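Just so you know, these numbers use all the heavy atoms, side chains as well, and skip hydrogens, waters and symmetry mates. Throughout, protein chains are lettered first and strands after them, A, B, ... in sequence-line order, and every chain is numbered starting at 1. Computed from a predicted model, the values in this text were never measured in an experiment.
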Amino acid sequence: MSRYEPSVIEPKWQQAWDDAQVFEAKRDPLKPKYYVLEMFPYPSGRIHMGHVRNYTMGDVVARTKAAQGYSVLHPMGWDAFGMPAENAAMERGGHPRDWTEGNITEMKAQMKPLGLSIDWSREIATCRPEYYGQQQAMFIDMMEQGLVYRKNAVVNWDPVDMTVLANEQVIDGRGWRSNALVERRELTQWFFKISDYSGELLEALDGLTHWPEKVRLMQANWIGKSQGLQFAFDTVGAPAGFDRLKVYTTRPDTLMGASFAAISPDHPLAKALESDPKIAEFVARCRKGGTSAEEIETAEKIGFDTGVRVKHPLNPDWELPVWIANFILMDYGTGAIFGCPAHDARDFEFATKYRLDIKSVFIAEGAEDAPLTEAFVPMKSEPVHYVRGFSGAAVQTGDAAVAAAIAHAEAHGYGKGVTNYRLRDWGISRQRYWGCPIPVIHCESCGVVAEKKENLPVELPYDVTFDIPGNPLDRHPTWRNCTCPNCNAPARRETDTMDTFVDSSWYYARFTAPHAKTPTVAEDADYWMNVDQYIGGIEHAILHLLYSRFFARAMFKTGHLPAKAIEPFNALFTQGMVTHEIYKTTDANGRPVYHLPEEVTFVTAGSEKIRTVLWKDVFPEGRGNLSDLEVVKPLLDYAVKPTNRFVEVIPSAKMSKSKKNVVDPMNIIAAFGADTARWFVMSDSPPERDVEWTASGAEATFKHLSRVWALCSRIGEMPADHKGEGDDELLRATHKAIAEVTAGIEGFAFNKAIAKLYEFTNAIARSSASTQVLQEAIRTLAKLMSPMTPHIAESIWTFQGGEGLCAQAPWPKADPALLVDDTVTLPIQINGKRRAEISVPKDMSPADVEKIALANEDVVRFLAGQPVKKLIVVPGRIVNVVV
RNA sequence: GCGGGCGUGGCGGAAUGGUAGACGCGGCAGACUCAAAAUCUGCUAUCGCAAGGUGUGUCGGUUCGAGUCCGACCGCCCGCACCA
């Protein structure tokens, strides 16, 4: 074997795998199946280290499962719709489709050299009619099932770009691109009825036992179940049609502390009152407020007394004022509340500002009913003393009091217990070109009608321009024109497109039959679903994963997925980011200046453990030492003083172009090969945590792989019949490695699996065993390394006489008999402190172990004749002597 | 405010309640070399000449035995947030 040259072996093996179609997924009734999926990328045009880490993890799982005898599905596709393509068209000209397809070609070309075991015959892109046409078909099915509807909704409207903006695109109340003040405008929008599934999506979380607890909690909080009382006030002096005002509360036990009612500025009653110019003006003022978290947090609570009154449900003579308040949300509960300032922080603030009554309903046990300086809001599980209760005992917990109050309301017929969810319906309308057209038609006589399925896909027109703001579909000369599927009269197409989250909500199902003429094919979906292991970033913990869970249910309801697939992802793994240090200096004006890693030099000061980073021109050769500093001191003084050449190192941060701490995977592959990149991103940190990319770590990985290569050569040069020493020892090490590496991979502890591979490599290198045993060991090493470093593994496998391709060889099995040593070393503790060590046969009886332990001379010395009170022997583990 | 997570050498990190620091990085020393690089070997938590002592954010508890379990605190990180 010659030198280790990744640039030679990597393309060679990739070609060999392609030729043998090793990664093509086939339905095989004789094998169990395994579906591994990594969250598919947005085709930005460049892959980054995060992609490398994500796809390598999936690849390790896919290759291991394939070797373990599973029929594996490991596909890849492109989340290809979305605004960056349109922005690029606006900024640079060109067409979103050309830009996107070009990026897909480029990114695929960058992914191929990684040697991933992907079935590229199943590649999909959400922007192609083959994909989004099927999405439109499902949209129509969902309409029929009542899962889709239109309603007016308040949205962020950019008056300059003439488009709806997502909340994240509104920065300080202005459009992120146009910088125009964003308006809250009411538009007719399309919605998916995800709220129909609130309860089910919440309860089913319990069954997702192979999901991270954190993700399940985040989803549970997002769905936000609460139980409370809904009741209606009788109104006094309200406009016609508003005889009653419905409110929702989770604290009906505080009803006797009510001092006002309040409605959202978007409440129908507020609208009915807008004939009063003062009210109209107030409502307009409320709508101006920004929607960002900070603004909401710091926003002052403002209110306006409408003059309308409501009667307290427990006492018709008791009237409360109705206010419009900016902090009441229209789309939660009923959009109206009753205010109990004593036991709600917001109501307290509001009541204090507008001098409304603050009356305690309950007080801490043993406390006085004194005026409050802030709202008293104890845990609902805590017992308190009710001074103005109306149901249940005087001393009870909040939980008990709430239940008693609901029972009271239901018994007296003024309200009922209801369950409320924070989760809102999913608004999917986007006034954008580069998305999946919503396949409906507006007809003057028939209204809103679904397009006929045989007319699908409703394709995006190519001849559009982006030189003026707004949705190009709206101003296309002919695209909107169509005929009504019902009455054949001339009609107009819907020009809204779907949120790109819709595209990614079912791609996992499409991969089971990526080119079918229907969204899915029953037998393929039956065979391949569910995704056995899904891998991606934590940033998708809520939206993407919740939408997908909803969509799988909708696909079941519309007959596109089997019942077993309503939870589509059996196991989820969320991986950490790839980070890098940032190198910063300051310019003459005090502004930060960032430097690329290759622009700085590391100077180490030996045992003093100081690391200083300097601009590269101080040590142009790329490395330096403090002793060298003495030599270059004059130069350094010159360099440091006038130009501030010491570089500040900002530890481990997300890779970002502006901070110049990005490492391009293509450069790493060019310098060290894909195997080095793959091994390093898996080796240094647990996969769920961030991993810091370091140049020294990458170099060290390359050196290690080179060592393995050299070791393979050495073994290859040994005479085949050479008899050596320590065969049994190496055989045991081999089987231990099999057991430990397998456990590491299966437990998603890739860093530990790699640590074991280092140990095993060192064991082989030290061994002077017989040629045959060494060969068997290094072939096993190659197979165990192959999920992480498939190319070098393939070379070693072939060189050492492995049969066929390593990629198709079965996973080795550990012999349990070889995993336990005949003798074990037992530490002996005296009063819990380690004092000695004995070596005993592994199955020696505890009684014999005791004898040997007590006879040990170190033990005798430490005991110094003290009587032994207790002796604990944990077989195979430890001996503890208590005196 | 609500919810969750994490604190272990110079660094990344290992440790089913059972020898704390595996493995890697960095560092030190040595071999090879005219020399450097590369490579190889050894050492590397800390105090101490040693015997031995001390060490997993802090304080306390459970246990024969605690990095691990329990309680309080300190610090850092993440998610949600005017949700009635």
Counting any heavy atom closer than 4.0 Å, what does [X] reach on the DNA or RNA strands: base, sugar-phosphate only, or nothing?
X	answer
A/I828	nothing
A/T701	nothing
A/E213	nothing

Using atom [atom1] of [X] as one end and atom [atom2] of [N] as the other, report the distance to the nearest whole Å.
X	N	atom1	atom2	value
A/M682	B/A14	CE	P	14 Å
A/R3	B/U39	CZ	P	12 Å
A/E740	B/A14	CD	C1'	12 Å
A/H267	B/A84	NE2	P	17 Å
A/R877	B/G18	CZ	P	6 Å
A/R346	B/C2	CZ	C1'	12 Å
A/F348	B/G1	CZ	C1'	16 Å
A/E746	B/U16	CD	P	18 Å

Which residues satisfy the side chain to side chain donor-acceptor pair (under 3.5 Å) test with [X], sequence neighbours excluded?
X	answer
A/E692	A/S652
A/E213	A/R216
A/R834	A/E837

*Using a strict 4.0 Å threshold on nitrogen-to-oxygen distance, state whether A/D821 and A/K736 make a salt bridge.*
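Yes, charged N to carboxylate O under 4.0 Å.
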*asked:* Show the nearest heavy-atom pair for residues A/R678 and A/P787, with the distance to one decimal.
replied: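 Closest approach of A/R678 to A/P787, heavy atoms only: NH2-O, 2.9 Å.
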Identify the pairs formed between an N or O of the protein and an N or O of nucleotides 48-53 of chain B at a distance under 3.5 Å, and give each distance.
residue: B/G53; atom: OP1; partner: A/R835; partner atom: NH1; Å: 3.2
residue: B/G53; atom: OP1; partner: A/R835; partner atom: NH2; Å: 3.2
residue: B/G53; atom: OP2; partner: A/R835; partner atom: NH1; Å: 3.1

Roughly how far apart, to the nearest Å, are [N] and [M] at atom [atom1]?
N	M	atom1	answer
B/U63	B/C49	C1'	38 Å
B/G27	B/G61	P	44 Å
B/C83	B/C77	P	25 Å
B/G5	B/G52	P	43 Å
B/G26	B/A50	P	29 Å
B/C32	B/C23	C1'	28 Å
B/G7	B/C11	C1'	16 Å
B/G48	B/G3	P	48 Å

*If you take atom types as modelled and just measure distance, does the side chain of A/R424 reach the base of B/C83 with a donor-acceptor pair under 3.5 Å?*
yes
_Does A/R766 contact B/U41 through a side-chain donor or acceptor facing the base, at a distance under 3.5 Å?_
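Looking at the base of B/U41, it does not pair with any donor or acceptor on the side chain of A/R766 (distance under 3.5 Å).
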*asked:* For A/E688 and A/P827, find the nucleotide of RNA chain B closest to each by heavy atoms; which residue's nucleotide sits nearer the 5' end?
replied: A/E688
_5' precedence on RNA chain B between A/D690 and A/M379 (nearest-nucleotide basis)_ =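 Whichever sits nearer the 5' end wins; that is A/M379.
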Should [N] form a Watson-Crick or G-U wobble pair with both distances under 3.5 Å, which nucleotide is its partner?
N	result
B/G55	none
B/A84	none
B/G10	B/C25
B/G79	B/C2
B/A31	B/U39

*Taking the side chain of A/I542 as its heavy atoms from C-beta onward, which of B/G12, B/C80, B/U16 lies nearest to it?*
B/C80
*Give the ring-plane orientation class for A/W323 versus A/F350, where under 30° counts as parallel, over 60° as perpendicular and anything between as tilted.*
perpendicular
Restricting to nitrogen or oxygen on both sides, can you table the protein-nucleotides 59-65 of chain B pairs closer than 3.5 Å?
residue: B/C64; atom: O2'; partner: A/N880; partner atom: ND2; Å: 3.2
residue: B/C64; atom: O2; partner: A/N880; partner atom: ND2; Å: 2.6

*Sort out for me which residue in A/V824, A/T825, A/V879 forms a side-chain contact (heavy atoms from CB on, under 4.5 Å) with A/V840.*
A/V824
*asked:* Under the side-chain contact (heavy atoms from CB on, under 4.5 Å) test against A/F260, which residue among A/V322, A/V310, A/D357, A/D347 passes?
replied: A/D347
Using a cutoff of under 3.5 Å, can you pull out all pairs of nitrogen or oxygen atoms linking the protein to nucleotides 21-25 of chain B, with atom names and distances?
residue: B/A22; atom: O2'; partner: A/E759; partner atom: OE2; Å: 3.0
residue: B/G24; atom: OP1; partner: A/N762; partner atom: ND2; Å: 3.4
residue: B/C25; atom: O2'; partner: A/S696; partner atom: OG; Å: 3.3

Test side chain to side chain contact (heavy atoms under 4.5 Å, CB included) applied to [X] - qualifying residues, sequence neighbours left out:
X	value
A/A739	A/A814, A/L819
A/R424	A/L329, A/D331, A/Y332
A/A737	A/F760, A/L784
A/V820	A/K842

*If you draw the axis of the six-membered ring of A/W709, does the NZ or CZ of A/R3 fall within 45° of it and under 6.0 Å from the ring centre?*
no
*asked:* Here's one to test your reading of the geometry: is the NZ or CZ of A/K301 within 45 degrees of the ring axis of A/F327 and under 6.0 Å from its centre?
replied: yes
*asked:* Syn or anti for B/G9, given that syn means the glycosidic angle lies within 90° of 0?
replied: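 B/G9: syn glycosidic orientation.
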*Kindly state which residues belonging to residues 215-224 of chain A come within less than 4.0 angstrom of RNA chain B, counting heavy atoms of the residue only, listed by number.*
A/L217, A/M218, A/N221, A/W222
*Does A/Y248 put a side-chain nitrogen or oxygen below 4.0 Å from OP1 or OP2 of B/A84?*
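No, A/Y248 has no side-chain N/O under 4.0 Å of OP1/OP2 on B/A84.
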_Quick one, A/L255 with A/V361, criterion side-chain contact (heavy atoms from CB on, under 4.5 Å). Give me CA distance, side-chain angles, the key distance, then yes/no._
CA-CA 8 Å; A/L255 211 40; A/V361 174; over 6 Å; no
*Just do the ring-ring contact (aromatic ring centres under 6.0 Å, His included) check on A/W679 and A/F750 with the steps written out, would you?*
CA-CA 10 Å; A/W679 178 278; A/F750 305 120; over 10 Å; no
_With sequence neighbours excluded, residues passing salt bridge (charged side-chain N to carboxylate O under 4.0 Å, His left out) with A/D344_ = A/R346
